[in-house]
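Here the structure is laid out as structure tokens; the discussion comes afterwards.
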Amino acid sequence: MTAMPETTGTIYDIGYRHYDGPRLGRRGAIGAIVGAGLRAVFGFGRSGRSKIIPWGAVILAALPAVVAVAVRVLAGDILDLYDYDGYVWNIGALLPIFIAAQAPELVVNDIRHRVLPLYFSRPIRRIDYVAAKIAALAIGLLAITLAPVLLLFIGRVLSTDDLVAAVGEEIGAMPEIIGNGVIHAVVLSSIGLAICSLAGRRAYAAGAVLAVFLIGGVISDSFSENGQDVAAFVSPLAVLDGTRQWLFGGAVDGAPAATSELPLALYGLAALILVLVSWAVLAVRYRRLTA
Amino acid sequence: MALIRTRALTKRYPGGVTALDGLTVDIGEGVIGLVGANGAGKSTLIKILLGLLPSTDGQATVLDFDPATQGERIRELVGYMPEHDCLPPDISATEFVAHMARVSGLPAGAARERTADVLRHVGLYEERYRQIGGYSTGMKQRVKLAQALVHDPRVLFLDEPTNGLDPAGRDDMLGLIERIGRDFGITVVVASHLLGEIERIAGWLVAIDNGRLLRTAPLASFTERTGQLLVETEEEAGPLAERLTGRGIDAIADGRTVVVDIASAGDGEYAVYDAVRDEAVALRLAVIRMEHRRHQLEDLFRDEVVAPGATT
């Protein structure tokens with residue numbers, strides 16, 4: 001006879017269920033904000049268009065390393081296209097573009113659409129929110145300020161016959177590679193987010209970031225060529241290269257610090273001031289907002 | 001058990017505005033109406049209890065934690081729905097609520113599961129995958145409620161939850177709040193200046209005015225009978241009041257209504273009804289309605305007298 005009608009698609013209202021699983025508190029909350037921030041920085045979970053700039057920048061930043069290693073493999077030691085000292089300075093133009101495109105994504109909408117009270121009514125402090133956003137952008141920036149230089153390092157080591165000897169030869173550059181990459185990432189993400197936190201819309205924020213870096217760069221370049229070394233201090237990238245030279249040595253062709261008469265420690269001091277001012281701006285801005 | 005206690009809680013803003021003025025109140029379980037006019041100090045109280053705003057003076061505890069020093073512990077266990085718009089437009093409700101669950105401290109898997117559950121409970125279905133920017137006000141209010149509920153809080157603070165909703169949306173939201181309090185077993189503190197709404201859902205009322213406690217009591221005691229009979233007539237009610245007074249019944253006319261003191265008749269409420277009927281007939285005056293007058297919530301704010309035993 002006929003089979004029993006199959007029960008399909010029945011919806012049972014099981015009512016409200018309480019949650020008694022783990023609560024990760026402040027640490028979990030900060031981790032969640034950093035994670036979501038990283039997704040935003042690289043355009044994950046967003047349209048293909050929002051991946052173009054971050055991933056384009058990451059690829060362009062790695063290109064010199066790839067070329068240098070390829071040349072080395074083919075031509076041997078006769079030609080060193082890129083060295084560790086100048087790598088970040090030479091791809092420096094990518095940094096303002098990356099920051100201008102991705103930093104506004106992290107902070108502007110939360111302010112503009114008043115989402116912050118929802119964050120601050122959760123188990124974090126205001127400073128945790130700001131620190132998590134800086135961390136997200138800084139980790140993202142490492143893809144440009146650290147990853148390509150590491151790639152160059154690995155390529156140089158692997159393209160030799162004697163691996164052990166090559167590692168011994170190159171490992172001395174490791175502190176500079178990591179130190180310079182991290183300093184760039186932390187300082188630039190702090191500056192970028194401080195600027196963005198003051199802008200009302202993402203487009204304004206992006207414009208402001210570009211303006212600060214480009215105008216600073218132009219002033220620094222043109223005046224430094226005329227021997228006015230002080231001008232370098234309006235350009236964050238020039239300041240950071242000076243800081244690198246102060247900490248790790250190695251002048252870079254075309255960078256203001258290379259030809260400057262000023263003590264290199266001043267660049268380090270300037271970098272420190274840039275970070276502290278950025279953090280102060282963020283602290284004041286986020287104390288004023290909400291509540 | 002009191003989930004929330006305040007003792008002489010005071011908040012003065014730098015400009016000299018006093019938002020809370022020595023507020024002392026205990027709040028227990030259930031749906032609690034926090035009522036007062038705009039600017040009475042409702043939002044300030046909620047923000048202090050969440051640890052978002054420091055108080056100027058006095059103490060408070062929420063779930064036995066001190067907001068001033070243990071705000072994070074409190075915020076892990078309470079939910080907050082602000083009065084204003086607070087949703088990013090370019091993200092789906094699912095993504096947003098799941099993210100907020102994680103910021104509340106839930107692990108990723110639990111955050112996803114509870115997001116699906118809670119969005120269903122607040123009545124968002126297929127549209128939860130669309131961007132919030134395209135939502136109606138009613139749907140946005142549901143998302144705001146969902147983000148406050150997603151981490152299964154012990155206490156929920158809702159600040160003017162029916163703001164901007166049409167009548168049907170209001171009914172839905174009030175129904176939801178009632179269900180959260182009754183079926184979900186979550187204590188809900190609803191701040192509102194709309195007494196009519198609070199009357200429908202709250203079991204207990206905390207009335208504040210100018211940062212001071214006006215009264216706190218079960219809702220029923222706010223609206224109990226007054227022992228007065230209200231008689232509405234078709235024409236001027238003065239003559240009726242005079243004739244009733246002539247019979248020894250206290251009656252005061254006000255336009256086309258008469259307020260009759262039932263106890264003053266001496267021989268029971270039915271005698272009063274009869275007297276009103278007889279005198280109305282004699283005057284050939286049409287009576288439109290007769291009813292027992294009840295205290296109204298609005299009375300609270302008309303005569304600002306703190307009732308005895310106000311801090312119970």
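In what follows, chains are A, B, ... by sequence order, proteins preceding strands, each numbered from 1.
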Problem set entry | Verdict with reasoning, L118(A) to M81(B), per side-chain contact (heavy atoms from CB on, under 4.5 Å) | CA-CA 8 Å; L118(A) 301 189; M81(B) 174 179 171; over 6 Å; no
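Within the 4.5 angstrom heavy-atom criterion, no atom of F157(B) approaches chain A. Of the two parts of I186(B), only the side chain, counted from C-beta on, holds a non-hydrogen atom closer than 4.5 Å to a non-hydrogen atom of chain A. Within the 4.5 angstrom heavy-atom criterion, no atom of I180(B) approaches chain A.
Counting non-hydrogen atoms of neighbouring residues, nucleotides and ligands closer than 6.0 angstrom, the CZ atom of R46(A) exceeds 12 such neighbours. Residue F42(A) places its CZ atom among more than 12 non-hydrogen atoms of other residues, nucleotides or ligands, all under 6.0 Å distant. With a 6.0 Å radius and a threshold of 12 heavy atoms from other residues, nucleotides or ligands, L276(A) has its CG atom above the threshold. Other residues, nucleotides and ligands place no more than 12 heavy atoms under 6.0 Å from the CZ atom of R27(A).
With a 4.5 Å cut-off on side-chain heavy atoms, I124(A) and E72(B) do not count as touching. Between Y16(A) and D117(B) there is no side-chain heavy-atom pair separated by less than 4.5 Å. Using a 4.5 Å cut-off on side-chain heavy atoms (C-beta onward), D152(B) and R17(A) make no contact. In this structure, the side chains of R26(A) and E76(B) stay at 4.5 Å or more apart for every pair of heavy atoms. Residues Y19(A) and R114(B) have side chains in contact (heavy-atom distance under 4.5 Å, counting atoms from C-beta outward). Two residues are said to be in side-chain contact when any heavy atoms from C-beta on lie closer than 4.5 Å; M100(B) and V115(A) meet this criterion.
The greatest number of non-hydrogen atom pairs below 4.5 Å with chain A, out of R73(B), E95(B), H151(B), is found for H151(B).
Taking all atoms of both residues into account, the shortest heavy-atom contact from I33(A) to H99(B) is CA-CE1, 4.3 Å. The nearest pair of heavy atoms linking V103(B) to A32(A) is N-CB, 4.2 Å.
By a heavy-atom distance cut of under 4.5 Å, P82(B), H84(B), D85(B), C86(B), L87(B), P88(B), P89(B), D90(B) are the residues of residues 82-92 of chain B near chain A, going up by number.
No side-chain donor-acceptor contact under 3.5 Å links R102(B) to the backbone of G28(A).
To the nearest 0.5 angstrom, L106(B) atom CG is 10.0 Å from R122(A) atom CZ.
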